Amino acid sequence: MRSHLCGRLGAEQAGERVELCGWVHTRRDHGGVTFIDLRDTTGLVQVVFNPEISERSHEVAQDLRGEFCIKVVGEVRTRKAGTVNPNLGTGEVEVAAQEVEILSRAETPPFQVDGHQEVDEMLRLRYRYIDLRREEMQENLKLRHAIVSAIRRFFDAEGFLEIETPMLTRSTPEGARDYLVPSRSHPGTFYALPQSPQLFKQLFMVSGLDRYYQIVKCFRDEDLRADRQPEFTQLDLEMSFVDVEDVLDVTERMFKSVWKEALGVELADFTRLTYGESLQRFGTDKPDLRFGMELTDLSDVFAATEVKVFRGVLDAGGAIKGVTVPRQGALGRKDLDALVDQAKALGAGGLVWVGVEAETLRSPLDKFFTADERVALRKATDASDGDLILVVADKRVSVVNKVLAGLRTRLAERFDLIPKLDRSDPDAWRFAWIVDFPWFEWNDDEERWDFIHHPFTGIVGDTAQYLESDPGKVISKSYDITLNGWELASGSIRIHDREMQQRVFRALGISDEEAQEKFSFLLDAFKYGPPPHGGIAPGIDRIVALAAGQTNIREVIAFPKTQTAFDPLTGAPSQVDEAQLKVVHLRSTAPKP
RNA sequence: GCCCCAGUGGAGCAGUCUGGAGUGCUCAUCUCCCUGUCAAGGAGAAGGUCGCCGGUUCAAGUCCGGUCUGGGGCGCCA
């Protein structure tokens, strides 16, 4: 139907007769002569309808409206000096229309496609097919394709096999809430959609398939966030006869290769932080390394304090930490109160602010500080005159970290301390490995040890001795990748030794029978010579969103869902009729709408 | 489950604090004018359940309570 693509036309085609298809992006009617910008997936080109060239085409052009789908036949002409449009890739040329055909007409769209104004996201999702006409969305999806195809080329070259795993599988007891699918042929039973192909990929290793990867949908029925959708895409991979360094190596090379191919950027080697160090310095295991404002431990500064809240926290074995906000020491009372409220919203009992001035400190607690404490506080935080120190104290170290980590990123955004994204700048991409996670985490509510990663996570050799005596000291062979404050990937070397696996289950308070009941097929498989193995699973949606400079993953998913897991386009989830329910042996207990 | 922000012609906003006629702006739509614009321009027109329910008031887009939807976050997410 067409001979050329709109966005690819240039001076080289001057004089050629071309056939173009696309949508009417904009129309400028001068009465005597009419211009349109014709749009296809490659871009825009100006088409001129001049009655001196074609009376008939000029007449049809009067009828054209935005988003009409048309075909134009005409001659490519270089534009006269002064009429070149430098804002358009094809601005040096235009197409003089000889023939035009309306392929299909369009109603006035619910919002404009030109991208000049933000549109309510609900509306964009309801009319996603129109939203996806916008250049920004097409660029996002093209980048997604470039990244995914670069990933496949990389793993192909490394000798990995892409193998599919079932979507209808067994519900696993731990982890996220499952999406369930009722069985018709087995009344009262359910499949679950996979939260990840974790167990299947481990079985591939038992099978000797050695190096597996898959770009695969995963499903988790949990509440949504900017970086979380109920269905999302993982790059799942697993390798045999490897230890931690092998997985880190291949994964890091993969990311470098992808950034090179998709963005043309040579990434620096990834930073490496232990979990402990990350928490200490940034209060989180997904630190944004693009700016400073590292947390300071102030327990020593206030070791002998008489300030009641601090004294109580220290005596209870808690923590006092601070974060220094550059040049905000003179912040007004209203803003400071708002910060206190933010800290409380994040879970803190309160927030102490300290404005650092040349000779003095400005703080509600200043009168309770000793001279030594004032000096030590300045020194410990390395604060300069004019800075603002925010101090959080709590008997739970985790609360202190969470609150300060939250304030750190929010304030960095608010005060523009994060460099504006330049996607071609290698420094814009602060990848980091987070390693040496603790294996266990104390669950206060249930009063037991829980796993942090999953129950098959390997253990760093000499820490296994604490499995029974002091589980908190056991370090796992798990690792995360973080990029600019987002968790991008998570993985581990797995336990392949049955005895070790049993010790771990016991430490978790899971009996042998219970373990067998829950994970029978994996444990059975491990009777038959499982190789040492491990892997990782980076999130594709997050990778693409970050690479595209987007702040939520919906922008890089063609048909995403809203925060309540609703799809405004299809109306899913929807009611089904009684007959459908009966077939799968279900009856709804939901109130009739 | 909880906290915060938003909801006003088709789209994006202002108006809400401090109640007084659906007031205004930009874009789109429709009619007319216009042969070099490029987010064209000019003249005119049409288009409204101020998310929904209730309350206060002589009077509510505006105040109060509730609720729904969207977004951000906490919890949750091995």
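All values derive from a computational prediction rather than experimental measurement. Proteins come first, then strands; the chains are lettered A, B, ... in the order of their sequence lines, and each starts at number 1.
- Remark: B:G44 base-pairs with B:C30. Criterion, Watson-Crick or G-U wobble with two distances under 3.5 Å.
- Nucleotides of RNA chain B nearest to A:D120 and A:H116 differ in position, and the one nearer the 5' end is that of A:D120.
- Looking at the side chain of A:E94, the nearest of the listed nucleotides B:U37, B:C77, B:G12 is B:U37.
- Taking atom C1' on both nucleotides, B:C58 is separated from B:G12 by 37 Å, rounded to a whole Å.
- The nearest heavy atom of RNA chain B to A:K561 and to A:P51 marks one nucleotide each, and the one closer to the 5' end goes with A:P51.
- A:T26 and A:D37 share a side-chain donor-acceptor pair at under 3.5 Å.
- Residue contacts for A:K402: at a heavy-atom cut-off of 4.0 Å it reaches the sugar-phosphate backbone alone, with no base atom in range.
- Checking B:A39, B:G36, B:C74 against the side-chain heavy atoms of A:N87 singles out B:A39 as nearest.
- A donor N or O paired with an acceptor N or O is not found under 3.5 Å between the base of B:C34 and the side-chain atoms of A:R28.
- B:U29 and B:G48 have their C1' atoms separated by 16 Å, given to the nearest Å.
- Atom P of B:C27 sits at a distance of 35 Å from the matching atom of B:U69, rounded to the whole Å.
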Considering only nitrogen or oxygen atoms on both sides, find all protein atoms under 3.5 Å from nucleotides 1-10 of chain B and state each distance.
| from | atom 1 | to | atom 2 | distance (Å) |
| --- | --- | --- | --- | --- |
| B:G10 | O2' | A:P110 | O | 3.0 |

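- Judged purely by distance below 3.5 Å, without hydrogens or angles, the side chains of A:R170 and A:T172 never pair a donor atom with an acceptor atom.
- Minimum atom distance to the side chain of A:F566 is reached by B:G70, of the listed B:G70, B:U37, B:C74.
- When each of B:U37, B:U35, B:A39 is scored by its nearest atom to the side-chain atoms of A:T83, the top-ranked nucleotide is B:U37.
- When the nucleotides B:U35, B:A40, B:G71 are ranked by their closest atom to the side chain of A:V33, B:U35 comes out on top.
- Side chain A:Q563 to base B:U69: no donor-acceptor pair is found below 3.5 Å.
- In this structure, the OH atom of A:Y179 is 15 Å from the P atom of B:C77, given to the nearest Å.
- Closest to the A:A226 side chain, of the nucleotides B:C77, B:G73, B:A11, is B:G73.
- Between atom CG of residue A:D227 and atom CD of residue A:Q550 there is a gap of 14.0 Å, rounded to the nearest 0.5 Å.
- The base of B:C30 lies outside donor-acceptor range of the side chain of A:R65, with no N or O pair under 3.5 Å.
- Under 4.0 Å is where a charged nitrogen must lie from a carboxylate oxygen, and between A:E136 and A:R134 at least one such pair does.
- A side-chain N or O of A:Q46 and one of A:R28 form a donor-acceptor pair less than 3.5 Å apart.
- Within the 4.0 angstrom heavy-atom criterion, no nucleotide atom of any strand lies near A:D341.
- Side-chain N/O atoms of A:R220 and base N/O atoms of B:C77 include no donor-acceptor pair closer than 3.5 Å.
- Stacking of A:K473 on the aromatic ring of A:Y466 is recorded, both the 6.0 Å distance cut-off and the 45° axial limit being met.
- Distances from the side chain of A:D29 to the nucleotides B:C34, B:G70, B:U37 place B:C34 closest.
- Remark: the separation of the C1' atoms in B:U62 and B:G47 is 24 Å, to the nearest Å.
- Shortest non-hydrogen contact noted between A:G347 and A:V399 is O-CG1, 3.6 Å.
- Side-chain contact of A:S398 with A:N401: a donor-acceptor pair under 3.5 Å is absent, judged by distance alone.
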